[in-house]
Undergrad: 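Okay, handing you the structure first.
Letters go in sequence order (proteins before strands), and every chain restarts at 1.
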There are 2 protein chains.
Amino acid sequence: MTGERRKFRREGADTRRQALVLATLDLIAEQGVRGATVRAIAERADVTQGLIRHYFSTKDELVQEAYLAHMAGLTEQTFAGVAERETALGRLAALVVASVTPPVVDSASVGLWAGFLNHVRQDARMRAVHAQTYHDFRDRLERLIVAALEEAGRGPDAGQARRLAIACNAVIDGLWLEGGALPEAFEPDELTGIALTAVGAILQLDLEEAAKT
Amino acid sequence: MTGERRKFRREGADTRRQALVLATLDLIAEQGVRGATVRAIAERADVTQGLIRHYFSTKDELVQEAYLAHMAGLTEQTFAGVAERETALGRLAALVVASVTPPVVDSASVGLWAGFLNHVRQDARMRAVHAQTYHDFRDRLERLIVAALEEAGRGPDAGQARRLAIACNAVIDGLWLEGGALPEAFEPDELTGIALTAVGAILQLDLEEAAKT
DNA sequence: GCATCAATTATACGCTTGCATAATTACGAC
DNA sequence: GTCGTAATTATGCAAGCGTATAATTGATGC
């Protein structure tokens with residue numbers, strides 16, 4: 001009876017890092033940051049805990065990479081179908097709808113985001129990622145808004161565009177948050193209608209019509 | 001040389017519980033949930049750790065009470081100056097302004113809220129507190145909105161009122177969140193103007209004028 | 001096949017955590 | 001005063017944490 005050592009396969013660095021990041025996100029989403037221990041992450045990724053230290057010199061480094069991956073994924077999901085629309089108004093409507101619809105609106109996703117926020121407030125590098133993600137999203141939103149307004153014959157100046165983007169972004173974020181944190185508080189599709197109406201009211205554009213196309 | 005035992009004063013249960021809750025909130029705000037250990041809380045409250053178990057049968061119980069206290073305080077701060085206004089429109093404007101102004105908008109406060117969110121997702125009682133806080137706030141907002149619209153001669157039906165309240169609440173929450181999470185991203189008073197304009201646009205009311213009074 | 005070497009496992013250390021329990025002490029009742 | 005008791009401190013424990021390091025093993029080139 002030899003002490004049977006665990007069998008394993010060698011994997012490339014990228015594969016393993018990604019698997020570890022995914023396991024981390026899964027766990028934080030399911031059980032909060034508390035549940036994402038080194039041991040739990042390793043088990044979820046079907047690996048022993050020592051390997052984590054082989055790929056990440058510290059746990060915070062892994063968490064930071066996971067945060068980056070989550071935020072990038074969120075932005076990507078949100079903008080997924082946007083470019084396909086032909087009109088600027090249609091693209092804006094598509095973005096608004098996607099922002100308040102699964103898989104973007106999701107309890108686990110919001111929980112993940114909240115779980116990271118405290119790390120963000122304490123770690124300078126994570127704060128940088130946070131700020132950049134926010135500004136990236138808002139800038140893209142602002143460009144869509146400007147394009148839609150110009151399409152309607154109304155070109156806002158820079159200050160107006162900035163303020164409109166902040167306001168629309170707030171509506172979207174607020175609904176995203178509430179839809180994710182309190183799923184049972186809203187009827188199906190209710191958030192979609194509210195988001196289109198509210199953003200439409202702020203911009204004085206008919207987004208509801210544009211969303212149907 | 002007697003082993004000098006620490007001196008102490010006896011306090012009423014309410015005083016001590018409140019002090020412990022306050023210490024907990026301080027620590028979560030400053031260092032995130034990680035930093036709010038039983039020992040750290042006790043030290044902050046100038047007490048030894050055993051006392052916590054004397055007043056709370058478990059740490060989660062203390063955290064839950066702290067959450068309740070934080071949310072109640074937040075709502076109270078937000079509605080603080082609202083009733084003083086004479087017109088319904090003025091009250092609504094005051095609420096909007098207070099929602100996006102310190103001390104309601106505050107990095108620590110947002111961090112606190114985010115820190116709790118993961119507990120909320122896992123503990124049924126905390127979820128109940130969360131849902132109730134949200135609905136309380138939104139109901140009060142909805143009543144202010146209905147009053148302001150009626151004052152302007154437009155009475156919305158129940159469905160409209162609900163949707164308007166959800167939308168306005170989303171703007172407020174979104175700006176609160178972003179103002180707290182990224183304080184340096186906005187000019188002073190910028191959020192106030194944006195909030196009034198956006199909520200005004202959604203309701204088709206002139207809140208900016210009403211806010212000046 | 002065999003040597004090589006990074007990928008992976010195994011084990012352990014020191015620290016912190018939440019919780020329990022026993023020993024003390026302040027303070028009001030009488 | 002002194003006595004009882006609830007409030008408070010002191011001490012300890014078992015479990016879990018992140019990290020470090022040494023021992024193994026799978027794949028690759030020759």
Undergrad: From CZ of B:Arg9 over to C1' of D:dT9, roughly how many Å is that when rounded to an integer?
TA: 17 Å
Undergrad: When you check the phosphate oxygens OP1 and OP2 of C:dG18, does a side-chain N or O of B:Arg53 lie under 4.0 Å from one of them?
TA: no
Undergrad: So A:Phe56, base contact, sugar-phosphate only, or nothing? Heavy-atom distance under 4.0 Å.
TA: nothing
Undergrad: Mind checking whether B:Trp176 and B:Trp113 have parallel, tilted or perpendicular rings, split at 30° and 60°?
TA: perpendicular
Undergrad: Looking at A:His54, I'd like to know whether one of its side-chain N or O atoms comes within less than 4.0 Å of OP1 or OP2 on C:dT8.
TA: no
Undergrad: Round to a whole Å and report the spacing from CD of A:Glu43 to C1' of C:dA10.
TA: 16 Å
Undergrad: Counting just side-chain N and O atoms, does B:Arg34 come under 4.0 Å of either OP1 or OP2 of C:dT17?
TA: no
Undergrad: Please state how far atom CD1 in B:Ile41 lies from atom C1' in C:dC19, giving the value in whole angstrom units.
TA: 14 Å
Undergrad: Let's go through B:Glu30 and B:Arg44 carefully: what are the C-alpha distance in whole Å and the side-chain angles of both, what is the deciding distance for side-chain contact (heavy atoms from CB on, under 4.5 Å) to 0.1 Å, and is it a yes or a no?
TA: CA-CA 12 Å; B:Glu30 281 174 25; B:Arg44 178 70 58 111; 3.1 Å; yes
Undergrad: Want to settle it: does A:Ala36 or B:Gln49 sit nearer the 5' end of DNA chain D, counting the closest nucleotide to each?
TA: B:Gln49
Undergrad: Do the side chains of A:Asp46 and A:Arg6 get close enough for a salt bridge, i.e. N-O under 4.0 angstrom?
TA: yes
Undergrad: Of the options C:dG18, C:dA7, D:dT19, whose atoms approach the side-chain atoms of B:Val38 most closely?
TA: C:dG18
Undergrad: Taking only the side-chain nitrogens and oxygens of B:Thr58, find out if one of them lies under 4.0 Å from OP1 or OP2 of C:dG18.
TA: no
Undergrad: Nearest to the side chain of B:Leu51, which nucleotide is it out of D:dT9, C:dA7, C:dC19?
TA: D:dT9
Undergrad: A:Arg17 has an atom CZ; how far is it from atom P of C:dA7, in whole Å?
TA: 12 Å
Undergrad: Nearest to the side chain of A:Glu11, which nucleotide is it out of C:dT8, D:dT8, C:dT11?
TA: C:dT8
Undergrad: Between A:Asp60 and A:Arg125, does at least one N-O distance fall below 4.0 Å, as a salt bridge requires?
TA: no
Undergrad: DNA chain C: B:Thr37 or B:Gly50, which has the more 5' nearest nucleotide?
TA: B:Thr37
Undergrad: Could you give the CG-to-P distance, from A:Asp60 to D:dC17, as a whole number of Å?
TA: 15 Å
Undergrad: Where the side chain of B:Lys7 is concerned, which of C:dT11, D:dG12, C:dA26 is the nearest nucleotide?
TA: C:dA26
Undergrad: Please pick, from C:dC19, D:dA7, C:dT9, the nucleotide with the shortest atom-to-atom distance to any side-chain atom of B:Tyr55.
TA: D:dA7
Undergrad: Can you find an N or O donor on one side and an acceptor on the other, under 3.5 Å apart, linking the side chain of A:Arg5 with the base of C:dT9?
TA: yes
Undergrad: Given C:dA12, D:dT25, C:dT25, identify the nucleotide with an atom nearest to the side chain of B:Phe8.
TA: C:dT25
Undergrad: Please tell me which of B:Arg39 and B:Arg6 maps to the more 5' nucleotide of DNA chain C, matching each residue to the nucleotide holding its nearest heavy atom.
TA: B:Arg39
Undergrad: For the pair made of NE2 in A:His119 and P in D:dG18, what is the distance, rounded to whole Å?
TA: 11 Å
Undergrad: In sequence, state the C-alpha distance, the side-chain angles, and the governing distance for B:Val63 and B:Phe116, and then conclude on side-chain contact (heavy atoms from CB on, under 4.5 Å).
TA: CA-CA 9 Å; B:Val63 170; B:Phe116 281 124; 3.6 Å; yes
Undergrad: Please tell me if the side chains of A:His119 and A:Tyr67 come closer than 4.5 Å, counting only heavy atoms from C-beta onward.
TA: no
Undergrad: B:Arg16 CZ to C:dC27 P: how many Å, rounded?
TA: 11 Å
